[in-house]
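What you see below is based on every heavy atom in this structure, not just the backbone, and it leaves out hydrogens, waters and symmetry mates.
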Amino acid sequence: KYVPFLGTLFLFIFVSNWAGALIPWRLIELPHGELAAPTNDINTTVSLALLTSITYFYAGIRKKGFGYFKRYIEPAFFLLPINILEDFTKPL
């Protein structure tokens with residue numbers, strides 16, 4: 001079900017990192033500052049993390065319905081902030 005998503009992420013990160021690795025070796029001649037690896041930019045990293053989080057929440061809601069959010073308060077209600085923080089720091 002999620003193989004195309006994971007495959008696309010893998011290929012994007014793999015090709016981006018190789019592009020960043022090949023340019024400094026001067027295998028591809030470009031003017032200075034013309035092209036850098038996309039994963040070198042924090043915006044790309046944040047967007048990939050957000051896409052992963054959204055997919056994670058979508059899969060949880062699709063499987064368990066809105067009862068999926070019950071797991072945030074299950075051990076004890078006062079752990080709610082820690083459980084929410086855990087979900088947003090997983091992709092990082």
Side-chain angles (χ1 to χ4, degrees):
K1 223 177 216 189
Y2 296 102
V3 173
F5 176 70
L6 294 173
T8 303
L9 283 179
F10 172 77
L11 285 176
F12 176 75
I13 293 169
F14 182 76
V15 170
S16 297
N17 287 336
W18 268 104
L22 293 179
I23 291 171
W25 291 344
R26 304 273 189 248
L27 294 178
I28 302 171
E29 290 294 328
L30 293 170
H32 181 67
E34 185 70 28
L35 182 65
T39 52
N40 200 20
D41 186 13
I42 189 70
N43 295 320
T44 305
T45 307
V46 169
S47 65
L48 291 174
L50 285 174
L51 279 172
T52 304
S53 293
I54 290 169
T55 305
Y56 177 74
F57 289 132
Y58 173 74
I61 292 171
R62 185 172 175 172
K63 185 170 184 173
K64 296 185 178 182
F66 285 104
Y68 167 76
F69 294 110
K70 189 173 90 172
R71 72 180 189 86
Y72 288 112
I73 57 172
E74 285 220 332
F77 184 75
F78 66 88
L79 293 175
L80 176 70
I82 295 172
N83 289 331
I84 291 173
L85 185 64
E86 176 190 359
D87 275 345
F88 285 104
T89 56
K90 261 183 205 172
L92 300 177

Quiz prompt | hydrophobic_cluster_shared for Y56 and I84, side chain cutoff 4.5 Å | solution = yes
Quiz item: Is it true that I54 and F12 fall in one hydrophobic cluster, defined by side-chain heavy atoms closer than 4.5 Å?
Solution: no
Non-hydrogen atoms of [X] and [Y] that approach each other most closely:
X: R71; Y: D87; value: NH2-OD2, 2.6 Å
X: A59; Y: Y2; value: CB-OH, 3.3 Å
X: L51; Y: F5; value: O-CZ, 4.0 Å

Nearest 0.5 Å, please: how far is [atom2] in [Y] from [atom1] in [X]?
X: T44; Y: I13; atom1: OG1; atom2: CD1; answer: 10.0 Å
X: L9; Y: T55; atom1: CG; atom2: OG1; answer: 7.5 Å
X: L79; Y: L85; atom1: CG; atom2: CG; answer: 12.0 Å
X: L6; Y: L11; atom1: CG; atom2: CG; answer: 11.0 Å
X: I82; Y: T89; atom1: CD1; atom2: OG1; answer: 11.0 Å

Quiz item: When the ring planes of Y72 and F69 are compared, do they come out parallel, tilted or perpendicular, using 30° and 60° as the limits?
Solution: parallel
Practice problem: Please check if atom OH in Y58 has more than 12 non-hydrogen atoms from other residues, nucleotides or ligands closer than 6.0 Å. | Solution: no
